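Quick caveat: nothing in here was measured; it's all calculated off a predicted structure. A, B, ... follow the sequence lines: proteins, then strands. Residue 1 opens every chain.
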Amino acid sequence: MTDPFNLDESDLPAARAAGPRPGGIAARAQAAMAGAPRYVEALNPEQRAAVEALDGPVLVLAGAGTGKTRVLTTRIAHIIATGRARAHEILAVTFTNKAAREMKERIGALAGPVAEGMPWLGTFHSIGTKILRLHAELVGLKSGFTILDTDDQIRLIKQVLQAENVDDKRWPARQLAILIDGWKNRGLEPARVPAGEAEAFANGKGRALYDFYQRRLKQLNAVDFGDLLLEGLRLLRDNPDVLAEYQRRFRYILVDEYQDTNTVQYLWLRLLAQAAGDGPRNICCVGDDDQAIYGWRGADVDNILRFEKDFPGAFVVRLERNYRSTGHILAAAAHLIAHNEGRLGKTLFTDGDDGEMPAVQGVWDSEEEARVVGEDIEQGQRRGESLEEMAILVRASFQMREFEERFITLGLPYRVIGGPRFYERAEIRDALAYLRCVAQPADDLAFERIVNTPKRGLGEAALQTLHDHARRMEAPLMRTARLIVETEELKPKQRQALRALMDDFDRWSALIDSKPHNELAEMVLEESGYVDMWQKDRSADAAGRLENLKELVRSMEEFPDLGAFLEHISLVMDAENAEGEERVSIMTLHAAKGLEFDTVYLPGWEEGLFPHQRALDEQGRSGLEEERRLAYVGVTRARKRAKIFFATNRRIRGLWQTTIPSRFLDELPADHVEVVEQASASYGGYGASRFNALDSFGSSYDTPGWRRAQTRGPAGAASAAGAYAERGGYSRGAQGASSPARRGPATIEGELVAKSASASAYAAGTRVFHLKFGNGSVVSVEGNKLTVEFDKAGRKMVLDSFVEKAG
DNA sequence: CGGAGCGGGATTTTT
DNA sequence: TCCCGCTCCG
């Protein structure tokens, strides 16, 4: 008999023949007969209620460590098992690719290979892309549109600013990019941006620039990240038939981390979840208002606070039974977060032990802070604890360096989560730009990026010439380049370099269907001289970059073709480390959300740093509350031990500042927190820290770090350096493996040449004007190429499309 | 084109 | 204080 988890559209007729109709009475009776399935029995009563409430809107308020993902995945399995919907009728959205991947894996583990049949499980952006591609023409795009990343976006905005004669010193492109992003996050198209805001940029030009930028995107058949959602929203809003189709299709909607949704995401969800005449929609949002920490990038906690108003009659479940932390840790976290107003209110509890009290310790400065943490880690090691189970969670990334330096000294292996992200690394961006040029010859931004990387002598001037002509011809740069190398627009050296490059691209593009895409990528990187460039580079990180490139090529194997890979890469950005030896993790509090460790170190609890001054200045009370939630997230990451530190002196922007302890410290419950006295009494004393340093140095002959150094000799140090270099390594994800193959629209090279050849309107003797060479007389015509005797520049061969009749 | 020298800015970060 | 990006100059 057909496995109910394996159903998908193609199975449909067979399934109908072989078993009860999904969702039919027989199927439901069958499910009821079997009693509650095992996966449901393993849940606690609240979790079970959340899983089994299958009619109407459900809000699951899931506190930290209460089994949120478990509920989400079990609910999906349950929906399918009971025949309420099939895998492809469930929309499940997450924020990160990592979360989506994890969910797929866990559903797979729970219910067999059903995850493969869940085409609508993914991030907001990947699902937005998918829908947008299917109906691109309805919003003025072609299905093969490219997705610009932040860097491309800024470059494009810069061009817009230049075209509109806006001084980009006074009004930086970056700033406009932030504004536009913000507007898109709030679901605002150019016309709907509030006048006051639109006018604030570039003396009232804000709206026009936004509008112009959108038009440029359309011309390039491109979208930015914000568009994936905003255009997706517009699509559904303006096309009721399309909307109805998706409303019918998605019998169940599940949303992870609902507290992090921004306005567009909210509007998009609300549209899809709207009652379509046949009863309440089955939307289930899971989240924790106490862990909303992304307000600064457009997330709106109010979305979750408002849920019951948006979806009247919603069933609300609170998950408060915590399976992660000890009693003291939960008590400390609860007392802290209780200082926030406007929460839905939850109190975590555990059946477990009280455990150790969270510790608060003052230190002299950040150096001592790092030293004390380092010693504590080594002590933990001596007790047999794993480095994998320890993490240092900082407010701001500049705090990391001190710890890294200390750990290198100690030879303590560590990893930094979320350093410069993999896809943002220059070498990866360059490599991807090459591949984009091969797959999408009209991708001007990609071409611009690599045209002179490695150096080919095609600098700013050459690029400008190319740009001028591309604009005149309204053609992509690469197509223009092919024409321009036939003429004398460029200096011979540059012309030759450009021709060589174009020949390369022709060769590579020709192989796109015949050569495996990872081999093609390897070939491109080799033959373009790009690999060579890094091999010749003697800087410290060149080796790492080559490693990254290899990893990139390796990761391509998982995708059916180049198009699918590029699509995936434009959506993915998450960084993890390869396995190897055990390491302590260092990361920001933001990056720590969703993770847990036995021991968590929380340094830098000082006014101005945490809560961060800027959050207070810019967001006032709501900023403070978000900082407090961040503190709550930090404390609740700990299973057994939370150790909080504050320094009396900290160097901020090169200036030493005396700091005062964070207000959050006083918001912790006194009877659940231990205040650590320092044995050496160095705290607060001038020079005492030096004494302490000697003291700890003296005792360090017995530390694991010292022993490591003894047993491994220089290798120990090398490994620490390796850990340093590895900062922010990554792992590849298989998330896009199922995305259908696609590629930009095929371009027929040379079509332009043929067209203009027949249209040559210049006879010998015609007076013409050329952008670069000025006025001249046509000497002879050969197809679309003209030989012109220029008054100033002499005799040159140019393309006819580059000149116009002199007036 | 590439290097030196200068000025401004410096949380958090995913897609 | 340090780092990045831009400008200017060789």
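Here the side chain of Arg614(A) is nearest to one of dT11(B), dT15(B), dC1(B), namely dT11(B). The listed nucleotides are dC1(B), dT13(B), dT15(B); the one nearest the side chain of Trp296(A) is dT13(B). Among dT14(B), dC1(B), dT11(B), the nucleotide with an atom closest to any side-chain atom of His612(A) is dT11(B). Nearest nucleotide to the Thr96(A) side chain, out of dT11(B), dT14(B), dC1(B): dT14(B).
Residue-to-nucleotide contacts include a donor-acceptor pair under 3.5 Å from the side chain of His125(A) to the base of dT15(B). With hydrogens and angles ignored, no donor-acceptor pair closer than 3.5 Å exists between the side chain of Arg395(A) and the base of dT11(B).
By the salt bridge (charged side-chain N to carboxylate O under 4.0 Å, His left out) test, Arg495(A) is found to be paired with no residue, residues two or more places apart in sequence or in another chain being considered.
Within 4.0 Å of Lys158(A), counting heavy atoms only, lie sugar-phosphate atoms of the nucleic acid but no base atom. As judged by a 4.0 angstrom heavy-atom cut-off over every strand, Gly226(A) is placed among residues making no nucleic acid contact. Across all strands shown, Asp260(A) has no heavy atoms under 4.0 Å from either base or sugar-phosphate atoms.
Using a cutoff of 4.0 Å between basic side-chain nitrogens and carboxylate oxygens, Asp256(A) and Lys68(A) are scored as salt-bridged. Between Glu625(A) and Arg343(A) there is no salt bridge, since no side-chain N of the basic residue sits under 4.0 Å from a carboxylate O of the acidic one. The pair Glu231(A)-Arg234(A) meets the salt-bridge criterion, since a charged nitrogen lies less than 4.0 angstrom from a carboxylate oxygen.
An OP1 or OP2 oxygen of dT12(B) is reached within less than 4.0 angstrom by a side-chain nitrogen or oxygen of Ser397(A).
The stacking criteria are not both satisfied for Tyr294(A) over the base of dT13(B), which would need a centre-to-centre distance under 5.5 angstrom and an angle between ring planes under 30 degrees.
Aromatic pair Trp296(A)/His590(A): ring centres closer than 6.0 Å.
For DNA chain B, the residues of residues 584-597 of chain A within the heavy-atom distance limit of 4.0 Å (strictly under) are Thr588(A), His590(A), sorted by number.
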